[in-house]
Number of protein chains: 2
Amino acid sequence: MENGAPAVEARRRAGRPPHPVLGPGRITKAALRLIARDGYKGLTMSALARLLNVAPSALYNHVSSKQDVLLLVEDHLMAGVDISGFEAGPWHQAVRGWAWSYRNVFARHTPLIPVIAVLPVTNAPQTVKMYEAVTAGFHAAGWPPDQIIDAIVALESFIFGSAFDVNAPAEIFNAGELAADAPLFTQAVASRASGSGSGPGGDERPVSPSDTAFGLGLEALIDGLWAQRALAPKARHP
Amino acid sequence: MENGAPAVEARRRAGRPPHPVLGPGRITKAALRLIARDGYKGLTMSALARLLNVAPSALYNHVSSKQDVLLLVEDHLMAGVDISGFEAGPWHQAVRGWAWSYRNVFARHTPLIPVIAVLPVTNAPQTVKMYEAVTAGFHAAGWPPDQIIDAIVALESFIFGSAFDVNAPAEIFNAGELAADAPLFTQAVASRASGSGSGPGGDERPVSPSDTAFGLGLEALIDGLWAQRALAPKARHP
DNA sequence: AACCAAAATGAATGTCATTCATATAGTGAG
DNA sequence: CTCACTATATGAATGACATTCATTTTGGTT
């Protein structure tokens with residue numbers, strides 16, 4: 001039941017079917033089922049309509065484009081991002097939990113990232129809700145108000161980039177025939193400390209290389225941002 | 001002149017036209033011209049063929065798919081990323097220059113990012129060359145070899161995510177009708193310190209919000225990574 | 001019972017990437 | 001000089017796709 005107000009008002013104007021056979025909610029659920037089964041390549045308007053026992057053109061009475069469908073999915077996923085840490089706990093730990101959760105949710109939905117990163121949050125209630133919770137956490141930690149959004153954007157950029165990295169194949173850094181021209185790089189790849197370290201849960205189990213890199217970068221970013229809190233904004237560069 | 005060796009060897013095997021009318025080099029250049037003119041939506045195999053005065057199907061004698069074309073473009077762009085700082089200067093400054101340059105190059109080529117982030121570097125000479133230079137810089141700065149790749153991946157993730165942010169519209173954080181439900185967020189957006197700070201060149205001119213966020217995150221990441229250098233790899237999380 | 005607007009339909013359109021059978025052209029071998 | 005070989009170019013065809021449109025169905029309201 002996402003945003004019933006306009007539907008109610010519209011229903012007031014004239015006779016309507018009381019059972020909305022199709023609607024944002026059902027479309028979102030069907031899209032998620034499709035994505036879970038066949039991935040984003042399987043998410044076509046035809047497949048979506050087929051799953052809903054409806055003609056493809058019928059969907060356009062409820063969404064104006066496929067991008068609209070992606071927006072619905074995105075906003076639904078945002079509700080799955082863990083913001084509980086910002087309600088009470090220490091800032092460092094809240095950001096950690098939020099960032100891991102955020103990355104894990106979108107690692108399986110990377111095709112959404114180019115959409116999210118560029119589209120306004122208007123008409124995305126769950127997304128706004130998440131931003132409000134995160135902002136509140138920063139505020140409570142004494143962050144300078146005029147730096148909060150920039151800090152969130154920086155963290156989000158790292159999270160989105162890292163979500164792509166999760167889907168990288170293991171051999172992505174295999175230079176192949178070019179290895180001879182890149183001895184230091186090849187050596188660094190070979191000695192990469194994969195499998196060591198602790199997992200996102202703090203327990204001692206093997207983690208993927210992308211988990212290790214994300215953990216390293218996240219801790220660096222959290223510490224670095226904390227240290228720069230209240231300093232003048234800078235964007236210097238040689 | 002991109003890797004003439006295979007072509008020469010192939011020419012040795014049998015009779016060939018001495019003037020390669022089409023080839024990776026020309027295809028790459030044409031693709032870049034198309035992207036510059038019409039953006040990535042204008043980069044179609046038909047348009048590419050038209051620009052080269054050739055039938056679309058002819059392209060498939062030189063590339064096996066459109067993804068191959070994107071790979072050619074990507075590797076070409078990698079040559080434009082500034083790695084000069086790693087040859088001599090201090091580590092902090094070298095990373096800074098590299099990261100700004102890397103982000104600026106791919107901010108205008110975000111459709112490539114999902115491709116880059118997932119595809120092996122094999123057969124991408126410029127890409128391998130860049131990684132080698134960066135690895136050498138980390139090595140020279142005394143970085144623990146088994147952490148170099150993870151640190152680079154973390155920086156790259158931040159860079160890729162930030163490249164998307166560059167293309168975000170100014171009103172991306174306008175909550176619209178939902179503003180009432182997100183007072184702290186709305187206030188933080190309004191007080192965002194945009195226009196202040198110094199530009200990437202260190203001079204005093206207005207910078208975009210994405211520049212500010214990138215500068216903030218990059219400095220935090222650089223400082224944080226430097227501080228964590230030589231510490232045990234960690235990926236902890238509550 | 002008639003009306004009206006939302007919603008569903010089926011056919012059609014245009015844009016893609018990609019494939020395939022065929023044709024061409026230049027080169028080394030005879 | 002000529003034949004055969006091979007890379008490369010061609011044009012037509014295919015199938016997937018999002019989207020549009022004229023038309024019909026549907027069900028509550030009057």
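In the text below, chain A, chain B and the rest are named by the order of the sequence lines, each starting its count at 1.
The closest side-chain donor-acceptor pair between S210(A) and S208(A) falls under 3.5 angstrom.
Between the CZ atom of R50(B) and the P atom of dG11(D) there is a distance of 14 Å, rounded to whole Å. The nearest whole Å value for the distance from the CG atom in L52(A) to the C1' atom in dT9(C) is 15 Å. Whole-Å rounding puts the R26(A) CZ to dA7(C) P distance at 12 Å.
With sequence neighbours excluded, no residue forms a side-chain hydrogen bond (donor to acceptor under 3.5 Å, both in side chains) with H62(B). Scanning for side-chain contact (heavy atoms from CB on, under 4.5 Å) contacts around A99(B) gives I159(B), F214(B), L218(B), with sequence neighbours left out. For L184(B), the side-chain contact (heavy atoms from CB on, under 4.5 Å) criterion is met by E132(A), T135(A), A136(A), H139(A), Q187(B), not counting sequence neighbours. Every residue two or more places apart in sequence or in another chain that forms a side-chain hydrogen bond (donor to acceptor under 3.5 Å, both in side chains) with T127(B) is listed here: E74(B), D75(B). Residues meeting the side-chain hydrogen bond (donor to acceptor under 3.5 Å, both in side chains) test with E156(B), sequence neighbours left out: Y102(B), Y131(B). In this structure S84(A) satisfies the side-chain hydrogen bond (donor to acceptor under 3.5 Å, both in side chains) test together with D82(A), sequence neighbours excluded. A search for side-chain contact (heavy atoms from CB on, under 4.5 Å) contacts involving A79(B) returns Q126(B), not counting sequence neighbours.
A close approach under 4.0 Å does not occur between any side-chain nitrogen or oxygen of H62(B) and OP1 or OP2 of dA7(D).
In the set dA9(D), dA7(C), dG10(C), dA7(C) carries the atom at the smallest distance from any side-chain atom of N61(A).
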Check: protein-nucleotides 15-18 of chain C nitrogen or oxygen pairs below 3.5 Å:
unit_1, atom_1, unit_2, atom_2, d
dA17(C), OP1, M45(B), N, 3.3
dA17(C), OP1, K66(B), NZ, 3.0
dA17(C), OP2, M45(B), N, 2.8
dT18(C), OP2, Y60(B), OH, 2.9
dT18(C), OP2, K66(B), N, 2.8

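Applying a 4.0 Å cut-off to non-hydrogen atoms, none of the residues of residues 109-119 of chain A approaches DNA chain C.
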